[in-house]
Structure formats: structure tokens, C-alpha cells
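Report on one structure; see the data block that follows.
Quick note: numbers below take in every heavy atom, side chains included, and nothing from hydrogens, waters or symmetry partners. Here is how names work: the chains are called A, B, and so on, in the same order as the sequence lines, proteins then strands, and each is numbered from 1.
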There are 2 protein chains.
Amino acid sequence: MVKRVSLWDAGCPVARALDVIGDWWSLLIIRDAFDGVRRFSEFQTGLGIAKGMLATRLRDLTERGILESAPASDGTAYREYVLTAKGRGLFLVMVALRQWGEDHLYRPDEPKSSLVDTETGIPVARLEMRTEDGRPMDWNNTRVKKIEDR
Amino acid sequence: MVKRVSLWDAGCPVARALDVIGDWWSLLIIRDAFDGVRRFSEFQTGLGIAKGMLATRLRDLTERGILESAPASDGTAYREYVLTAKGRGLFLVMVALRQWGEDHLYRPDEPKSSLVDTETGIPVARLEMRTEDGRPMDWNNTRVKKIEDR
DNA sequence: AATTCCAGTTCTATTTTGAAACCAGAATCG
DNA sequence: CGATTCTGGTTTCAAAATAGAACTGGAATT
């Protein structure tokens, strides 16, 4: 069927994640889902995606357990797509992408949106990496440790 | 005539980020770069990517300031590709993807690799989101605030 | 000097995508 | 109620991206 390369079996969690949500549209659909978009037509007009693409993406994301379809909340007989727990788990990925985008992809004079606490309006702090015992950590102090199974 | 869609101008940092690194191969190349891969042939055999694809991806990533090409460190006349500061800024995206992948894409009995401190071997802690004043935060407590500039 | 290695480019066949036309069932209008 | 529009797709087709193989030319190795 799909001749496109997959690195699922390489055993790298990053490769697996990209296998699931690494195509062009998936993360944008998920971003919109985090923003409260639920209906086919909302995704379609909001993203400017072709309907055929959207249909297959929504189906794939649903099959993969990232979205699920539920009866529409407005009482109509239609259905809507909402994030599952697994899908909501991608929020930190979105935040990381957002922070990187804000840092590197805006001219200084360009207006930016920002992510804030709904109640207080206080912005989200930068994500940071620490060891499990709480010490700050830097990318060049890390390595990937293969765990032999069992 | 049919241009591939770009959401750069939507003003969303996530959309911009995906515009730059959102295609199928880029993040995998960047992942390998974080793992110390530098040479064309290393990327190529490591990823199983077609040479033509790799060549255009490396060019694009270089043009976009994520990689830069430098004289080879082994003394030969070849060149190698290394992450710029902007590229290294994607580390948290990788960590977020990795943690999500570990959480949701492995069967319980499957071996996983993990990211640890080079010195101590202590694993990296889970990323978490906090407000700037240090209170933990959840995805459903956030909203995107548009900033009108100037 | 001949051979192999490296980093590509070029070519072609196959997939994927984007856009538009079409469609059936649900909802809305008059 | 019947006619019309809305919703959520599917089908169709051309254009673009991709995988893979063959080819290239300079660098390194023998």
C-alpha cells in the first residue's frame, strides 16, 4: 500500500512519533484541535486543506488513537473529532514547537501571539530540561541509552 | 501551479515552525545530527533516505539556518553538516516527541531507549509546563493570546 | 595509475497532494 | 410539506514530491 518509508522499527521513540504525526498536516490538525476545533468544516476552512486530504488525515489520526469521533455537541446528527488522552499528550510538543518558533522565526518588529494561563493571563514559562534529581541539563550533556529488553 | 500550502503568514509560531521543519524527513535528519551524525553518507545510510531527497533536505535546512556546512573534522577535503544554535534550539522538541513516543507508542514488553545525563547516567525528567511564576499548568488552562504589536 | 569512496545530480516510475466536481443524508427555509 | 442549502465526505484528474537506480566527477586509497 503505502510505499513511503517508515522508521517505526528502528526502535527510536522519536522516529515512532514522527511515523504517527510527522506528516505535513497532522500536527496542524492537532493544533487546531487543541484550540477547540471539532468539526470537519471548521478544520477545513481554518487550515485551507483539501477535503480529501482532511478526510484521510482525520481517519488516520482516529485509527491511531489520537482523535476520536463523538456525536456532535450541538445536538445535530453530525459527528465531531476530539483529542484522546494520547492526543492531548502532544501538548508539550506543541509548546516546544511554539517556543522554538517564537524564538527563531519572527522578525523583532513582528507581532507574536503567546500562550497564557486562562485565569491569570500569566504566560507559560519556557520549557526546560532537568535530570530526574532536578539538576538543569543541556543538550550536549545527554546521550541515548539503549535498554536491553525484559 | 498547485503550490504546496504554507501557513507561514497565519502568524502562528507552531505553523511557522512546521513550515520549516514539518516535512517528513527534516526532524529525522535533525535527530541524527543531535546524535553526532555529520556526513552525507552517514545520514544517508543511517536513515535509508534516497540521496536526492537527502541532498535537497540538507540544502533546505542549511538555507533555513538550522544546519551549516563546515570543513570535515577528519582532515579530508569533504564537508560536514552541523547544527547551528537555531537548530540546537530544537532539542526540546525532540525531547517532547521522545517522551510522547515512549509513553504512547510502545507495548509494555518492548525495550525502550532512554535519554540520560552523560556523566551520571541519570535519566532526563519529564518535561512539564509551568506559568512564569512557577505554578504547574495544564493544557486546558491555557489559551493563545494575540498580541497587537508596537 | 588504477580503483574505490564520497557527495552529490539526473532520470524515471510511483505516490502523494491540491483542487474541483460530484454525491447522499441532515438541517433549514418558505 | 417540498425545495434548498449545509455537512461531510468520495471521486477524479493534473501537478508535485518521493524512492530508487544509474550516472558523474573530484578526493582518497591502493
Side-chain angles (χ1 to χ4, degrees), chain A residues 1-10 15 18-29 32-33 36-64 67-82, chain B residues 1-10 15 18-29 32-33 36-64 67-82:
Chain A
M1 259 215 222
V2 188
K3 193 71 172 174
R4 187 193 228 162
V5 177
S6 159
L7 278 70
W8 181 272
D9 296 323
L18 292 173
D19 218 60
V20 177
I21 49 93
D23 72 276
W24 173 249
W25 285 111
S26 292
L27 277 173
L28 289 167
I29 291 168
D32 277 10
V37 172
R38 290 155 173 264
R39 293 282 284 264
F40 188 95
S41 57
E42 273 185 293
F43 285 108
Q44 207 243 308
T45 59
L47 291 169
I49 185 176
K51 293 167 92 178
M53 268 288 88
L54 180 58
T56 57
R57 285 290 159 268
L58 289 174
R59 176 156 24 80
D60 290 354
L61 289 171
T62 303
E63 276 169 10
R64 291 163 176 186
L67 297 176
E68 61 190 346
S69 99
S73 49
D74 62 357
T76 63
Y78 300 114
R79 307 202 53 91
E80 55 188 31
Y81 298 90
V82 295
Chain B
M1 289 299 191
V2 186
K3 274 271 174 161
R4 204 228 202 105
V5 177
S6 158
L7 279 70
W8 181 272
D9 296 322
L18 292 173
D19 218 61
V20 176
I21 48 92
D23 72 274
W24 173 248
W25 286 111
S26 292
L27 277 174
L28 289 166
I29 292 169
D32 278 10
V37 172
R38 292 156 173 264
R39 293 282 284 264
F40 188 96
S41 58
E42 274 185 293
F43 285 108
Q44 207 245 309
T45 59
L47 291 169
I49 184 176
K51 295 169 94 178
M53 268 289 86
L54 180 59
T56 57
R57 284 291 158 268
L58 289 174
R59 177 155 25 79
D60 289 354
L61 288 171
T62 303
E63 277 169 10
R64 290 163 176 187
L67 297 175
E68 62 190 346
S69 101
S73 49
D74 63 357
T76 62
Y78 300 114
R79 314 221 88 219
E80 54 188 31
Y81 299 90
V82 294

Whole angstrom value for the distance that separates P of dA19(D) from CG of Asp23(B): 10 Å
Rounding to a whole Å, what distance do you find between Met53(A):CE and dG9(D):P? 14 Å
Among residues at least two apart in sequence or on other chains, which ones pass salt bridge (Lys or Arg N to Asp or Glu O under 4.0 Å) with Asp60(A)? Arg57(A)
Rounded to whole Å, please give me the gap between CG in Leu47(B) and P in dA19(D). 11 Å
Spacing of Leu28(B) atom CG relative to dA19(D) atom P, expressed in whole Å: 11 Å
For the residue pair Leu18(A) and Trp24(B), what are the closest heavy atoms and their distance? O-CZ3, 3.1 Å
Using atom CG of Asp74(B) as one end and atom C1' of dT29(D) as the other, report the distance to the nearest whole Å. 14 Å
Protein-nucleotide distance (Ile49(A), atom CD1; dG9(D), atom P), rounded to Å: 13 Å
Side chain to side chain, Ile49(B) and Phe43(B), heavy atoms closer than 4.5 Å: no
Tell me, please, which residues at least two apart from Asp9(B) pass salt bridge (Lys or Arg N to Asp or Glu O under 4.0 Å). none
Thr62(A) side-chain N/O to Leu58(A) backbone N/O, donor-acceptor pair under 3.5 Å: yes
Atom-to-atom span, CD of Gln44(B) to P of dA19(D) - whole angstrom: 12 Å
Could you state the atom-to-atom distance from CH2 of Trp25(A) to C1' of dA19(C) in whole Å? 13 Å
When Ala77(A) and Ala50(A) are each assigned the nearest nucleotide of DNA chain C, the 5'-most assignment goes to Ala50(A)
Has the side chain of Glu42(A) got a donor or acceptor atom that lies under 3.5 Å from a matching backbone atom of Arg38(A)? yes
Just the atom pairs and distances: protein N or O near nucleotides 6-10 of chain C's N or O, under 3.5 Å.
{"from": "dC6(C)", "atom 1": "O3'", "to": "Arg39(B)", "atom 2": "NH2", "distance (Å)": "3.4"}
{"from": "dA7(C)", "atom 1": "OP1", "to": "Arg39(B)", "atom 2": "NE", "distance (Å)": "2.3"}
{"from": "dA7(C)", "atom 1": "OP1", "to": "Arg39(B)", "atom 2": "NH2", "distance (Å)": "3.1"}
{"from": "dA7(C)", "atom 1": "OP2", "to": "Ser41(B)", "atom 2": "N", "distance (Å)": "3.1"}
{"from": "dA7(C)", "atom 1": "OP2", "to": "Ser41(B)", "atom 2": "OG", "distance (Å)": "3.0"}
{"from": "dG8(C)", "atom 1": "OP2", "to": "Tyr81(B)", "atom 2": "OH", "distance (Å)": "2.6"}
{"from": "dG8(C)", "atom 1": "N7", "to": "Lys51(B)", "atom 2": "NZ", "distance (Å)": "3.0"}
{"from": "dG8(C)", "atom 1": "O6", "to": "Lys51(B)", "atom 2": "NZ", "distance (Å)": "2.7"}

